[in-house]
Every structure is written in C-alpha cells, then in structure tokens.
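A short worksheet on the structure shown next.
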Amino acid sequence: MKLDNRELIAKKIAEELQDGDVVNLGVGIPTLVAKYIENHNVYLQTENGLIGMGPPPDKDNIDIDLIDASKSPVTITPEASFFDSAFSFGMIRGGHVDVAVLGTLEVDCYGEIANWSVPNQPILGVGGAMDLVAGAKKVIVASTLFTKDGSPKLVKKLTLESSGERKVDQFVTEYANFVFQDGEVIVKDIYGSFSFEELEEKIGFPLKLKITK
Amino acid sequence: MKLDNRELIAKKIAEELQDGDVVNLGVGIPTLVAKYIENHNVYLQTENGLIGMGPPPDKDNIDIDLIDASKSPVTITPEASFFDSAFSFGMIRGGHVDVAVLGTLEVDCYGEIANWSVPNQPILGVGGAMDLVAGAKKVIVASTLFTKDGSPKLVKKLTLESSGERKVDQFVTEYANFVFQDGEVIVKDIYGSFSFEELEEKIGFPLKLKITK
Amino acid sequence: MKKLRKPEELSTLFEDSMRLLVGGFGISGTPLTVLDALAKFEAGNYEVVSNNLGDNGKGLHKVFMAGKIDKAIGSFFTINKEAIEAWSKGELKIELLPQGTLAEAIRCGGAGIGGFYTPTALGTKLAEGKEVREIDGVRYLFEKAIKGDIALIKADKADKAGNLVYHSTARNFNPMMATAAKIVIAEVDEIVEIGEISPEEIVTPHIYVDYIVKSKYVKQGGSYIEAR
Amino acid sequence: MKKLRKPEELSTLFEDSMRLLVGGFGISGTPLTVLDALAKFEAGNYEVVSNNLGDNGKGLHKVFMAGKIDKAIGSFFTINKEAIEAWSKGELKIELLPQGTLAEAIRCGGAGIGGFYTPTALGTKLAEGKEVREIDGVRYLFEKAIKGDIALIKADKADKAGNLVYHSTARNFNPMMATAAKIVIAEVDEIVEIGEISPEEIVTPHIYVDYIVKSKYVKQGGSYIEAR
C-alpha cells in the first residue's frame, strides 16, 4: 500500500526515534507518528499532563478527561503517570523531552520556524508550541513541503511570526529530510518524486546534498 | 502548678492562635506551644514537608522518617498530607502559613530579628528561618527576655546578623508581650514579676504601655 | 461539612473587576457548575486567567457570553470565535502567554516568587517589551508571577476537610491555581470521609481550599451533561 | 529489571569535580547505601548540593570524612562539626542558602527556569552581592537555578519502570533533585511491579530515573541500621 504524503512523513519520523526516547507529538501530521512507532520503549508525553500516552480508545471507553494536547481522547500505557501543567512544562523546558515533533507553516534556512500564527488572522493562540520549541532536546518539524497554493514552506527568511530563536534539528517532508547548518540547508535524505536539482529549483535557493542515512 | 518561664511563654502564644490557623513552630520554646493548643482546628506545618503534625509518638511507634524540622519524631493528624521541600516553602513564602512562632537571639525596636547566627561562631546554618521570617502572614517571636548573662534581647539596634528586613508582629516573653510601631516598642500585655517601669529600666530604653488584651 | 456550599451561595464573594483564576484545559478540569452560577451573579468586568475561554457554550464561554469578562489572560483563544470577534472590536482585552509560562507564572504567584526567567518565547512577538537576560550562558525572558482574587478550580474528590485529588489530565492548571488566589472554590465530583485519601496522595492540602461545591455535571461518552 | 544496579557497579559514573545533588533532611530521605559506596569510589573533589552533610558517620558525613568533598552548597551545616573545622581551615568551601531558596533553585534547575526572585533573606548577610528588584511593590532577591551532574536520591518504592513514590517527610528534596541532574540514581526500599503504583500517585515519573539501587538499610526504632 502506498502511503499518502502525510503518512509517509509520519513514518519517516517514527524511524528516527530511539530506544528510551520521551517524545511529544504536536497537532496534525505529528499525531500520525504514533501509529508507526514500533519500539515499545518510546514514551509519549502530552503537555496537558501525562507521560505514557497510548492509542485512542474505542468509542465505548472514552473518558473525556483523559485527552491529549489536541483535546482528543487517549488511553494510557502501563507505566504512565499524570501531573499538573507546571510540572509538565518543567519536563519540557528542563530538557526531559528527547524529541518534539511539530507541525509548521514555515522553516527558514537556519532552522527557525513559524508554527503558531496563521496568515491574516489575529494571533490569539499559542498553546505549548513555544515551550516545545525552546525546551525539547531535539525538535523535528513535520510538514508537507508546499502550501496549498504551491509555495515552499522552506524559505530563506520567515515571513510569518517566529516561534522562538531556538533552531530546529530536522525538517521532514514528503520529498526529503532537511537539516540546517549555519544558514545552509542540507538534504540528508531524498525519497520523493523530485530529484535534488528539481527540489532546489522548486524551493528557489541553493541546497546542499549530503546523504547521511 | 506554676509554669516555668519557657512554658509560660508557650502558653501565652497558644492563646493567641485562631480557629483555622496554619502554624509553623520553630525549634526551642516554639515547639512547646503545641501542647497548649486546645483548638482542634489549628494545623501545624513543618517545613520539611508536612501539614497536620500531631504529638510525638510513644517510643515503640517511632518512624524516623516522620519527623519535624528539628528532626524529632512526630505523628500525623487525620487530615494531614505530605509534600516536597519546594512545595513546602511555596506554602511558607506564598503566605499560606498564618503564624510562624520563632525563637530569637535579639529583636530590635522595629521588630527586626536576629535568630540564626550564634555570637562568635561561624555562620554555617540557616535552615528555614529566613523563609519563615519573610513569608508567614504573622510572625510571633518566643523567647525569654534576657540572655544568660542578663542582657536584654530587646535592643535598640541589632548587634547580631539580621534574619531579614521583614518585621515581626509580636515578641512574647515571660514578662510581657511586645508589639512594634515605627520604632516604638509597645507593651501590649504585662504579666511577669516586673512593673512597667522596672521593665523599661532593665531594657534600657523607653517603652510605651498600651494594654490591648 | 463546613466548607460545602450550594453554587448560588457564593454570589457575595464576587465583586466587579476581580481577577479570577479558572482551571481547565479545553473544558476538561473546568468547574462547570460554579461557572454556570457565575454567569448569573450580579458582579462582572472580570479579568480572567485561564488557558482558554471555555468551549461550545460551556464553562467560561458562558460567562463571556453573559458579558462579564473584560480581559482574558491565557494561551489559546483561537477556538473561541466570539472572543476573537469581541477582541477585534476592542471589547475584550487579550494577553497571550505560552502555556508553560502561564502555568509557571501561576505556580510562582502561589509560592511567593515574584518572577522568573524562562527560555520560552525568546525572539518572538510575545517577548516584545520584556527583559532578556543571559544566565550562565543561556538567554532567558523575564516573566512576572500571576495571582488572583478568587480561584475556581475542579478536582475529582475532596475529603471533608477539603483535601483534593484530581482525575487524569483534568488535573492541568488546577493545583497551581489553588495556591495563587485569596479565595479558592473547588468543584468536585465526590466528597469522601477524612482518611479515605492517603496523606501521600493528596495533591492540594485542605488549607488551600475555602469552599467546596458538588458538581452537577456527569460525563457521558464524549461530553459533560448536566445531570445532578 | 533494566535499571537495577548493585551500588559498586555505579563507580564508573563518577568523575572528579562533579557536582552531586544529594537528597535528605538530616539523614531522613538520604541514599545511605549509595553514599557508602561513593565514599569508596576513586573519584573525588566533589561539589555537593544537599541540605546538610549527613550526620553521625552516616550519609554524606561518611563521604566528607573520606576526603571527597571540596565544596558544600546547602542550608544547615551547624551540626557537622568536622565540616565546620575544615571550613575554618580553608579546606572546605561552604555556600549557605536558605532552605526554601535551595529547594526552589533546584526545582528551577530541573524545570528549565534560569533564575527567580524570592523575598527570603532580603536585608541579610546572605543577600550580599545579590540583585534586589521590586516587582509590583514588593522587594525580592534574585537567585540562580541549581543543576547537577548526578543526583543521588532516596525513594520508598520504585516500580520496575523506575516510577517513584516517597515515604512521609523523607520526600523532602528528592523529587526536585530527580529532575535537576544529567544522571539520576535512586535508592529504594522496595521494588514493585509496573501498575502497582497508580498513575495518579506517582511523584517522580520513570523518565527521570536512570539507575535504581536497593537499600541495604532498614529502620529500627530511632535509627537506620545496615541489615540487607
């Protein structure tokens, strides 16, 4: 079965996760990562106060107080525990979350992201996005490479509001996996229908190819 | 039975406590206050992590992990709970302790106290004293009025190290109960063997008499 | 039980322009019964500190629709359409804080800490006008503590002294808010005898809780329904 | 059980001049077994963060007497005679902090907060050289967060994943220290199956704990004795 773009990105990220990792999955594509994690020693944290998040319940076993950060019902794994919001964000800011997987609207060539303000709308919601950007040991951004109108989300300079000065570690798309080095965008892996040269042309500025997988 | 000086001070302070008060008792005379509290709705807090401290256990029921701030074994009351040191001092600094009863070496005429440094000894211990001085809603100092060599502990100006710029509310001794107003020491109650004039002479600076009991 | 109140008995506690701390994430862990009553009380012009402004006609959304909220301090108002509309007309002030900063600020307020330095939001629009300081080689943003006049929180169980425990992710902001206001009202699903909650397990000691209200809501499938 | 170690197996974790966070108040809640081992390991010149330096030949007192401690950061060393003597000879550095400031600084270290403002110690010798700031009309003292290389803590029970619960006032500094070091070693009295500690009751989630050591000490009357 061929995976659609969103599922492909999720699967690629699941493969990056290591034994023992504490992982926080954001809304959207990041949420899909959960179903591709095969390692039982990966622990999912949700910032509303839970480490050890399990899959969604069947509809007869919904507890609407047992939810993830997108307010969807979840279950818990055997070694799970609950805590309050101050402790939960202490876990995030304190570097105890190994990987945060976040959606984004833009990523610049340094790895700075804009993932909280929607263009042409008042900025009235941020949630835990900035805490995760600032605090997680490693930040992986998960997004399709182009917006609906076809413009690349990978940009030379952010046009939307930054989510924080801390740079992300990877940008995983349906075409390639990008990493960042002093303003240079490195293609670490390429697996979509575009060649490196086509990718570079679509994105509109020079990239560097350095397959490390 | 006539109470000795230390017991008298403890009893006087117990009578000051109100229904519902959360009270932290320091080392020494303050510890004696507990046995004179008749109100069952006074709750004892100990800064090592307990609200709802009960009397000492009999010697067959000692648990040396269930202790007060002077490391003496205690018991718990039915509505008690345990917490960590950060939460405990949050309770103290955050104004959730209604009354702290503390011993002292000196009190000045503004109500500033020195209760942590011992004369002519290196200052290597402070414990929770300064947190209680800074944080409790009301601070009552409990001490005999004179040192062993006969000099008054109530002084115009501290000669020992201050425990904090926050002023105490009362100084309860075996002779009188003092309060403080803009550098003026007011005798609120007098019950010992000295008259007001004798007290004033022994202390060595003018006091003000204003019985409010 | 000394602290138990009917929600309507609480009306005299509330005064115009008070700052209220309201627990909940979405509406999970929100004191729905107390907020229903609050929407009907006379006082108003509140400044509300809460992650969001309720949802779908429940919780703070009801209080907002009753015209009682002048300002909201929280992390996520995007789902509250009417609030966004009121904000764009200048009828509602909004102060946006990252969720972790909000949680930490309330904890500090309750713990007697005046302010703190967080790495969150550095280099963003939310850092504008705020002090930046480098400590041991890391850059941080200064944030002030938050306190309130009344906290409206939701717990799972109270014992008869007022000790509280919470249920799963409905714990969220409630334990911090219980420490950070002059008056604390806790809505609970169940009241048990003293001693039924172990002293090791209690999350909010009784000394933080002034009033207890029994919740009128029960959970059914994917929603809360008013049933008691 | 993946995290379980014999105390002697931990020797390779320790390096000269590391900063160690050590739980306990007096010796209650102190990892006595791990500290016995530490006194014998080769490394030394430690900087130790702990309320006090053990007591009566137990806990950190033993490590200190083995000549392994260069500096102590804590709130109460008055009872440690040998430490005071070493300090007056210039052989031991001591940094004194109020107990609540110590607790808060460690909590901040574990929670990614760089520093905080406390009212404690204002106007005292312990405030010398520290920034004073007025926030909303109240004066506060700035204090930096504290982190460590290794935390040595004591809990009551661990489950096989490493989730911890504590016993009565032996909880003290341990939960904060569990969050504030790169490596966390927890000494426990009992190890139980996963699921035996309820998810609502767990104080320290397993992700904070790297190694578990079974305690060799038991309590008998008024003291701890080595018995296992």
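FYI, side chains are in, hydrogens and waters are out, and symmetry mates aren't considered; it's all heavy atoms of this structure.
- Summarising the local packing, NZ of C:K68 is surrounded by more than 12 heavy atoms from other residues, nucleotides or ligands at distances under 6.0 Å.
- Contact between D:P119 and C:G112 at its shortest, heavy atoms only, is CD-O, 3.2 Å.
- Taking D:V165, D:D136, D:V203 one by one and counting their heavy-atom pairs under 4.5 Å with chain C, the maximum is reached by D:D136.
- D:Y140 and C:I113 make their closest contact through CE2-C, 4.2 Å (heavy atoms, listed as atom of the first residue, atom of the second, distance).
- C:I135 is listed as a side-chain neighbour of D:K144, based on a closest heavy-atom distance under 4.5 Å.
- Between C:S198 and D:E201, every side-chain heavy-atom pair lies at or beyond the 4.5 Å cut-off.
- Ion pairing between a basic and an acidic side chain is recognised when a charged N comes within 4.0 Å of a carboxylate O; C:R107 and D:E104 show such pairing.
- Residue D:E91 qualifies as enclosed at atom CD: its count of foreign heavy atoms under 6.0 Å is above 12.
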Chi angles and distances behind the side chain to side chain contact (heavy atoms under 4.5 Å, CB included) call for D:F142, C:R133
CA-CA 12 Å; D:F142 174 68; C:R133 176 186 290 203; 3.4 Å; yes
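- Summarising the local packing, NZ of C:K125 is surrounded by 12 or fewer heavy atoms from other residues, nucleotides or ligands at distances under 6.0 Å.
- The local environment of CD in C:E131 is crowded, with over 12 non-hydrogen atoms from other residues, nucleotides or ligands closer than 6.0 Å.
- Counting heavy-atom pairs under 4.5 Å between each of C:S168, C:G115, C:P199 and chain D puts C:G115 at the top.
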